[in-house]
There are 2 protein chains.
Amino acid sequence: MPNGSYACGIGPAFEVVGGKWKAVILWELREGPLRFGEFRRRIGGLSEKVLIQQLRELEADQLVTRQVFHQVPPRVEYALTDWGHALNVALGPIADWGEAYARATGRWGDLPS
Amino acid sequence: MPNGSYACGIGPAFEVVGGKWKAVILWELREGPLRFGEFRRRIGGLSEKVLIQQLRELEADQLVTRQVFHQVPPRVEYALTDWGHALNVALGPIADWGEAYARATGRWGDLPS
DNA sequence: TATGATACTTACCAACTGGTAAGTGATGGG
DNA sequence: CCCATCACTTACCAGTTGGTAAGTATCATA
């Protein structure tokens, strides 16, 4: 999604969390920091390459932070910034809508109750 | 964005309004129906081809309706369905966040005050 | 007869996105 | 000495998305 100017906040917002996975990744962080491997286990169908790409972009957009613990095996934690947290709050209604819509249309398999 | 199953409502929601323009298009409908040409005038940088594609997909996903008035020159109005309206309500906080974020980062030119 | 308005429609193409599969480096444990 | 763990990293590729530019159909109006 190329940069441009927008008439409302929808454009910028979707520029930073648009795409297939970014909002899902962000959403997983709502209860605390996660490690790289934890994302992998929680989000099915998301490859390592794409995950790290999206995490790097979220970091560049200041929605998440990346903290390295110099251990072996390595430990890296990703957490929400204030912007990321605020965006997650704003994503709440979207998640609710999406869940209701998915159930009503039955188009995406069963969601966990 | 391929179909799959999701662990939360974020996935389905972004599957129907993800992409560069759909949320913007939907958002423009919040104050009432619009004609094809009105979208074009309101949303800069959006080509006719892409606009009609997105409108058709939004229609298929039951977020907007398309009403044809058989006149010459033709008149076609697009309006929100109930699902579309509910999604727009849920997009409100995202628009607010996006506006604040865009202003704070100054990355997308000036938004109208 | 020519023009303009409206809402598309088509052909073509470049860029971006997402995906698979395999490899890297450090080190502790068997 | 070999393997496992963890967090990447790289090469390669296919499919999707978005974009440009031109064309279509109808009929009122000049």
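Atom set for the values below is all heavy atoms of this structure, side chains included, hydrogens, waters and symmetry mates excluded. Letters A, B, ... mirror the listed sequences (proteins, then strands); counts begin at 1.
Between A/Lys22 and the choices A/Leu55, A/Val64, A/Leu58, the side chain to side chain contact (heavy atoms under 4.5 Å, CB included) rule is met once, by A/Leu58.
Note: CG (A/Leu51) to C1' (D/dT9) measures 13 Å, nearest angstrom. In this structure, the CD atom of B/Glu59 is 14 Å from the C1' atom of C/dA7, given to the nearest Å. Distance, B/His70 NE2 to C/dA7 P: 13 Å, rounded to whole Å. For B/Gln67 and C/dC8, the CD to P distance is 13 Å, given to the nearest whole Å. As rounded to whole Å, 14 Å separates atom C1' of D/dT5 from atom CD of A/Glu38. One can place NZ of B/Lys22 at 14 Å from P of D/dT16, the figure rounded to the nearest angstrom. Rounding to whole angstrom units, CD of residue A/Gln53 and C1' of C/dG18 are separated by 8 Å. What separates CD1 of B/Ile52 from C1' of C/dA11 is a distance of 17 Å, to the nearest Å.
With a 4.5 Å cut-off on side-chain heavy atoms, A/Glu28 and A/Phe39 count as touching. Counting heavy atoms from C-beta outward, B/Phe36 and B/Ile52 have side chains that approach closer than 4.5 Å.
Panel note: side chain A/Glu38, backbone A/Arg35; a donor-acceptor pair is recorded below 3.5 Å. Using modelled atom types, one side-chain atom of A/Thr81 and one backbone atom of A/Gln62 make a donor-acceptor pair closer than 3.5 Å.
Closest contact between the side chain of B/Trp21 and the listed nucleotides D/dC8, C/dG18, D/dG19 involves D/dG19. Picking from C/dA7, C/dC8, D/dA7 the nucleotide with the shortest atom distance to the side chain of B/Arg35 gives C/dA7.
Among the heavy atoms of the strands, none lies under 4.0 Å from B/Arg40. Within 4.0 Å of A/Gln54, counting heavy atoms only, lie sugar-phosphate atoms of the nucleic acid but no base atom.
The base of C/dG18 has none of its N or O atoms less than 3.5 Å from a complementary donor or acceptor on the side chain of A/Lys20.
Comparing A/Arg75 and B/Lys49 by the nucleotide of DNA chain D whose heavy atom lies nearest to each, the residue mapping closer to the 5' end is A/Arg75. Both B/Ser47 and A/Phe36 sit near DNA chain D, but only A/Phe36 has its closest nucleotide nearer the 5' end. Judged by closest nucleotide on DNA chain C, B/Tyr78 is the one of B/Tyr78 and A/Gly45 placed further toward the 5' end.
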Practice task
Would you mind building the protein contact string for nucleotides 22-30 of chain C? One character per nucleotide, 5' to 3', B for base within reach (heavy atoms under 4.0 Å), S for sugar-phosphate only, - for untouched.
Solution key: ----BS---
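Applying the 4.0 Å criterion to OP1 and OP2 of C/dA7, one finds that B/Arg56 has every side-chain N and O outside that range.
Listed by chain and number, the residues in a side-chain contact (heavy atoms from CB on, under 4.5 Å) with A/Gln71 are A/Phe69, A/Arg75 (sequence neighbours excluded).
Identified under the salt bridge (charged side-chain N to carboxylate O under 4.0 Å, His left out) test for residues 46-55 of chain A, with sequence neighbours left out: A/Arg40-A/Glu48.
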